[in-house]
Amino acid sequence: QVQLVESGGGLVQAGGSLRLSCAASGRTFSTYAMGWFRQAPGKEREFVTAISWNGGSTIYADSVQGRFTISRDNAKNTLYLQMNSLKPEDTAVYYCAADRNPRYPRKNPNVYDYWGQGTQVTVSS
């Protein structure tokens, strides 16, 4: 089992940047693929990006491609999301999640086994 804690959210103006972190407990972090999802008020949770266990494979939602970058440091048991050129429509609660299938990053939230509590990102216009 792994516990996930997100941090780094906040209020930023449009065009600005934020870096989210997701700290994982336990010694098995490197055996999980990891993902970031977000949920805006009144909307369903949506996929943002995901990364394989060793960082060798990544996938992105079209809406964030070229602006967001996912990365991980297995030695520090930490997942990151660098968000640049933020837009008001990026406003949401951002969640990290762990998938016990480590090799291929996946978009479907239903395949993820563990979730963090979320961190709020608000982008003002």
Side-chain angles (χ1 to χ4, degrees):
Q1 188 170 353
V2 62
Q3 292 183 326
L4 305 172
V5 179
E6 301 96 336
S7 62
L11 174 64
V12 63
Q13 288 188 332
S17 298
L18 280 175
R19 188 192 197 201
L20 305 184
S21 298
C22 173
S25 65
R27 293 176 289 180
T28 60
F29 176 72
S30 62
T31 65
Y32 294 91
M34 299 294 296
W36 287 99
F37 294 80
R38 66 187 182 186
Q39 188 167 19
K43 295 187 177 181
E44 293 186 352
R45 187 170 299 189
E46 67 171 352
F47 168 77
V48 177
T49 179
I51 189 168
S52 61
W53 71 278
N54 63 353
S57 180
T58 58
I59 53 175
Y60 293 89
D62 291 344
S63 58
V64 306
Q65 181 77 50
R67 300 188 298 122
F68 291 11
T69 303
I70 189 172
S71 62
R72 66 189 298 163
D73 186 336
N74 287 343
K76 295 182 178 179
N77 282 4
T78 304
L79 175 74
Y80 302 100
L81 180 63
Q82 178 66 45
M83 304 186 294
N84 298 328
S85 302
L86 282 161
K87 304 175 181 181
E89 51 263 44
D90 295 318
T91 295
V93 176
Y94 283 70
Y95 300 89
C96 65
D99 177 3
R100 282 181 288 183
N101 183 340
R103 297 186 63 184
Y104 305 107
R106 299 190 285 182
K107 296 183 177 182
N108 185 350
N110 294 326
V111 305
Y112 285 78
D113 302 288
Y114 305 105
W115 293 81
Q117 83 290 346
T119 185
Q120 176 70 46
V121 172
T122 303
V123 184
S124 63
S125 57

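These values consider heavy atoms only, across backbone and side chains, with no hydrogens, waters or symmetry-generated copies. This one's a predicted model, so the numbers in the text were calculated from it and none came from an experiment.
- Looking at every heavy atom in both residues, A33 comes nearest to N101 through CB-O, 3.4 Å.
- Pairing each heavy atom of F47 with each of Y60, the nearest pair is CE2-C, 3.8 Å.
- Not a single donor-acceptor pair under 3.5 Å links the side chain of Q82 to the backbone N or O of R19.
- Using a 4.5 Å cut-off between side-chain heavy atoms of Ile, Leu, Val, Met, Phe, Trp and Tyr, with links allowed through other members, V2 and Y95 fall into different hydrophobic clusters.
- Taking both residues in full, the closest heavy atoms of S71 and I51 are given as CA-CD1, 3.8 Å, listed atom of the first, atom of the second, then distance.
- Atom CG of L20 and atom CE of M83 lie 4.0 Å apart (nearest 0.5 Å).
- Side chains of L86 and L18 form a contact here, defined as non-hydrogen atoms less than 4.5 Å apart.
- To the nearest 0.5 Å, atoms CG (L81) and CE (M34) are separated by 11.5 Å.
- Nearest heavy-atom pair across S125 and A14 is CA-CB, 4.4 Å.
- Ring pair Y32/Y114 is perpendicular by interplanar angle, where above 60° counts as perpendicular and below 30° as parallel.
- Between atom CZ of residue F29 and atom SG of residue C22 there is a gap of 6.5 Å, rounded to the nearest 0.5 Å.
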Legend entry - Residues T122, V12; criterion side-chain contact (heavy atoms from CB on, under 4.5 Å); working and verdict: CA-CA 6 Å; T122 303; V12 63; over 6 Å; no
Legend entry - Intermediate values then yes/no, side-chain contact (heavy atoms from CB on, under 4.5 Å), R38 and S63: CA-CA 12 Å; R38 66 187 182 186; S63 58; 3.5 Å; yes
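- Pairing each heavy atom of A40 with each of T91, the nearest pair is CB-O, 3.7 Å.
- Donor-acceptor pairing under 3.5 Å is recorded for the side chains of N54 and S52.
- Separation of the F37 and W115 ring centroids falls under the 6.0 Å cut-off.
- Both I59 and V111 are members of a single hydrophobic cluster when ILVMFWY side chains are connected at heavy-atom separations under 4.5 Å.
- A donor-acceptor distance shorter than 3.5 angstrom exists from the side chain of S25 to the backbone of Q3, with no hydrogens or angles considered.
- For Q120, the CD atom is densely surrounded, since the number of other residues' heavy atoms within 6.0 Å is greater than 12.
- To the nearest 0.5 Å, the span separating CH2 on W53 from CZ on R72 amounts to 9.0 Å.
- Hydrophobic clustering (ILVMFWY, side-chain heavy atoms < 4.5 Å, transitive): V64 and W36 are in one cluster.
- Note that CG of L79 is 6.0 Å distant from SG of C96, once rounded to the nearest 0.5 Å.
- Cation-pi geometry between R106 and Y112 is not met at under 6.0 angstrom from the ring centre and within 45 degrees of the axis.
- Although no hydrogens or angles enter the test, the distance criterion places no donor-acceptor pair under 3.5 Å between the side chain of Q117 and the main chain of V5.
- Between Q1 atom CD and R100 atom CZ the span is 9.5 Å, to the nearest 0.5 Å.
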